[in-house]
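One structure is given below, encoded as structure tokens.
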Amino acid sequence: MKRFLIPLGLFLVLAVFLGIGLSRDPREVPSPLLGKAAPAFSLPTLGDSGRGDGPAFGPETMRGRVWVLNVWASWCASCRDEHPVLLGLAESGVVPIVGLDYKDQPAQAQGWLERHGNPYVLSALDADGRVGIDYGVYGVPETYVIDKAGIIRFKQIGAVTPEVLKTRMLPLIQELQR
Amino acid sequence: MIPELGHLALILACLVSLVQGTLPLIGAHRDNAAWTGLARPAAQTQFALVAFAFGCLMQSFLANDFSVLYVTQHSNSLLPAVYRAAAVWGGHEGSLLLWLLMLSGWSCAVSLLSRQLPEPMVARVIGVLGLVAAGLQLFMLFTSNPFDRMLPAATQGLDLNPLLQDPGLVIHPPMLYMGYVGFSVAFAFAMAALLAGRLDAAWARWSRPWTNAAWVFLTLGIALGSYWAYYELGWGGWWFWDPVENASFMPWLAGTALIHSLAVTEKRGSFRNWTVLLAIVAFSLSLMGTFLVRSGVLTSVHAFASDPKRGIFILAFLVAVIGSSLTLFAWRAPKVGLGGGFALLSRETLLLVNNVLLAVACGTVLLGTLYPLIIDALNLGKLSVGPPYFNAVFVPVMLPLLVLLAVGPLARWKQADARDMARRLRVAAVMAVVAGIALPLLAGAWTPGVALALALAVWIAAGTWCQVRERLKSGWPPRSFWGMHLAHLGVAVFVVGVGMVKGHEVEKDVRMAVGDTVEIAGYQIEFLGMREVDGPNYTARQGAFALSKDGRRLRELRPEKRAYAATQSVMTEAAIDSGFTRDLYVSLGEPLAGRGATPDWSVRVYYKPFVTWIWFGCVLMALGGGVAAADRRYRLKARRAAEPATADDGVAA
Amino acid sequence: MTRLPVRLPATLMALLVAVLLQLALPPRATANEARPLAEDPAVEARLLRIAEEVRCLVCQNESLAASQADLAKDLRREIRAQIRQGKTDAQIMDFLVDRYGDFVRYRPPFNATTLLLWLGPFLALAVGLAALMRFLRRRQAAAPAPLTEDEQRRAAALLDGTD
């Protein structure tokens, strides 16, 4: 009788889902901020002296331009992995990169940039992580692509790899800049 | 040398299990006594080889052989010997070897303890077990070899995760795996019966003690895991509906349904198809649990480091084993006839209701555990399904089952008398209502949750008591009767524990300087001071707290904050004063800037009433299952001509 | 007629009552009382209730209440501030979900996507019990008629071996 095949049928459906599950990463959480306005803030920046007394910065300053916001910290190991990619991007001059120094000390941050290079036009200092919360940051590094109207269009969780840059970020940036 | 010997033993064991899984099955099918006779020696040889391999791995750990990659990843020369031994199953590869050891152990037990079973049956059971073992061994040899060397050898190991450096690790996984793997025996019996095309009551009788034993181990394994989490993790929780916890709970629910269903199949020959299906499901859930823990598909504190390649292999294994067994089921089941008839109100019906409720409960846990995965696979986003969901949904499903617990054993087989049952349950009902109203009031606040829990517990306990008293009038009942009621009583005890803890636990987060006292639920805890203590592979800051009640000093509690050198990690060890009616739990937080020379500390103090009843209830359940499994009926030799009728027909188990 | 089995259960009940009475005793004040860690225990209690429903994103499946991760501490601080500002539980949850998505909720929302999740168990229970009823009724209809008196006597004789 057909009904005895029901358990087998149910199991095969389950197996298909389990199989698909193998190709997914349960830890990767997509951002609900995609397509929404980048949250406003006003933070001090690292400044030329590196003492954190630079002029205040907020995302509205970048209105009219496509830009990249990179969340980084001197204590973050993966940030070092993606740093060459960011330096390359900065050098190409395609798009300005703004750094968000997350839960860090200005002295440490300045030292880190001096040692590894500074791809940022400026680095805003989010000392207590409050702005990070507004941006849905839960790990470092994270990178956002924001368009001319100030809408978040892309979020990269984890280090920016050359592949991600080439296949996902650059085409998007070029399209937004048109 | 020793790891290579272990590896060789594993390869040989794989070859033996391939033989064990094919020749006896074919032999039973073709009435070839020579091949059928291979089953028992094959199982025993396999166990010897696997045990040897396991011994080799353990020796590598004990001898600090850091040329073996697995040892380096999970051990350290400063680790105490007992944890070096237990570290064997602290990681993926070794835990698989433990699984295999249990599987070959159970198979060997079947080969030794089944003299009264017909040879073709035994051959089939051992053959199926051999196939499962072969699959596991191939998986290990191809993707998860614990004996892989690393050259050059490391000088020191990476140390065992400090959370695992605890007596809990020594006993929880082995118990749990004994349970998981034990259900493979029930599965093998079901498969053997399907293969033979004979699903009679005899099969159920043979299968029952093995299934009960597996259930006992699984119950204890889960209880141990819960208790371990309680005292080790430092926040007083004992169940988090974590995917891996659920992965052990689902086979338990299916297994509980199975042991009840087997009772009916043995007694009345009914529900044979359903029982077989349950046996397949229980084991499938065990296997699926293995998959979930090791494939990286779900996030969990318990998960082993994931590797997609392993995930694919396990999934393939899952599909092969479960797919083929369910196919066999679909093919053979229709040919099985109905068993004995029974009335609409009878023990059979109530046991069927028990099975439906347990199946729904199991399905509920499965749904909640896999839902995030399903939603993600369908590209509908990312969801979390956590304790609030499970608590909201699981408890309502289980409530009817708790009510029926007192009713079921009262019902006669085939036809029950409703009025008679109601009369016998009157006393229990009254006591339950009184308890529900009065007892919570005595404890302070009346909350519906606690009232319900206490009412149900008294309902079950009183119902059990009435039944036992009545039954004793007609002579001493068999062990299966005692086992059943003991296990049911265990459920009542468990319910009291859960209800009281959830309803009346108190938590206080305080800042303490030396000399400060915190007051909690009538107890006073005074901070006496801190000192440095050295362990074998850690240094600890140990606090001393004096526990008093009404001015009388009870004892000193010593929670610690341990810093493990090898992993640079910090672990909190709580101090617990355990009592029959309450636990007092002290956990250190962080040092804070203080007024004096010594820093203040943030301290978390818990008062947990009746929390030990949770695990005590589980132990009673396991004890009940063990007593039932030891029933003398299961050890009868081949049927004698005239057997005196036992007094256990009708009302008893 | 059944008498109330007063002896053993009553003793157990008395034990339970005595124990529960202990719970009802009022606490005694002592010198040098430890201060609560939090400034306002009521706020902390509410924080804990909310935090137990929130997932810690950087942990392997822990709640925000239990986690000791940095982000968890930051988020708890944020929730505490919002409680003091007078926000409702729903508003605070919305705040978190707006930034981190539904993933952060341990209690899944009730919407079209989760309909099956929330209703499934109860549906299964209803369907299971209904299917059981139908199965039992069908079985009753197909069952052979019970033995007549005469047949019963014959059966008994056969079993006793006197036939």
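Excluded from the calculations below are hydrogen atoms, water molecules and symmetry mates; all remaining heavy atoms, backbone and side chain alike, are included. Quantities reported herein were computed from a predicted structural model and do not represent experimental measurements. All chains are named by letter (A, B, ...) in the order of the sequence lines, taking the proteins before the strands, and each is independently numbered beginning at 1.
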At a heavy-atom distance under 4.5 Å, which candidate from C/Pro108, C/Ala124, C/Cys59 has the highest pair count against chain B?
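With the most close heavy-atom pairs to chain B, the winner is C/Pro108.
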Pick whichever of C/Gly101, C/Ala66, C/Ala65 has the most heavy-atom pairs under 4.5 Å with chain B.
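Result: the option with the highest number of such pairs is C/Ala66.
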Most contacts with chain C, counted as non-hydrogen pairs under 4.5 angstrom, among [options]:
options: B/Val397, B/Leu378, B/Asn355, B/Leu344; result: B/Leu344
options: B/Ala343, B/Gly368, B/Gly381, B/Ala392; result: B/Ala343
options: B/Phe390, B/Phe394, B/Phe240; result: B/Phe240
options: B/Leu233, B/Val360, B/Asn391, B/Leu357; result: B/Val360

Can you tell which part of [X] gets under 4.5 Å to a heavy atom of chain C, answering side chain, backbone, both or neither?
X: B/Pro400; answer: neither
X: B/Val356; answer: side chain
X: B/Glu507; answer: side chain
X: B/Lys508; answer: neither
X: B/Val510; answer: both
X: B/Ile375; answer: side chain

B/Arg582 CZ to B/Ile520 CD1 distance, which is reported to the nearest 0.5 Å:
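Taking CZ in B/Arg582 and CD1 in B/Ile520, the distance rounds to 11.0 Å.
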Measure up the B/Tyr607 and B/Tyr523 rings against each other and bin them: parallel (under 30°), tilted (30 to 60°), perpendicular (over 60°).
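Answer is tilted, since the angle falls between 30° and 60°.
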Parallel, tilted or perpendicular: which describes the rings of B/Phe545 and B/Phe527, with under 30° parallel and over 60° perpendicular?
parallel
Main-chain N/O of [Y] paired to [X] side chain as donor or acceptor, under 3.5 Å:
X: B/Lys561; Y: B/Gly589; answer: yes
X: C/Thr114; Y: C/Asn111; answer: yes
X: B/Trp241; Y: B/Val385; answer: no

Would you indicate whether the side-chain heavy atoms of [Y] and [X] approach each other to under 4.5 Å?
X: B/Asp509; Y: C/Glu44; answer: no
X: C/Arg55; Y: C/Asn61; answer: yes
X: C/Asp89; Y: C/Arg49; answer: yes

C/Leu47 pairs by side chain to side chain contact (heavy atoms under 4.5 Å, CB included) with which of C/Ile79, C/Ile92, C/Leu64, C/Asp40?
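That would be C/Ile79; it is the only one of C/Ile79, C/Ile92, C/Leu64, C/Asp40 passing the side chain to side chain contact (heavy atoms under 4.5 Å, CB included) with C/Leu47.
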[X] versus chain B, the contacting section by heavy-atom distance below 4.5 Å:
X: C/Leu48; result: side chain
X: C/Leu117; result: both
X: C/Pro41; result: neither

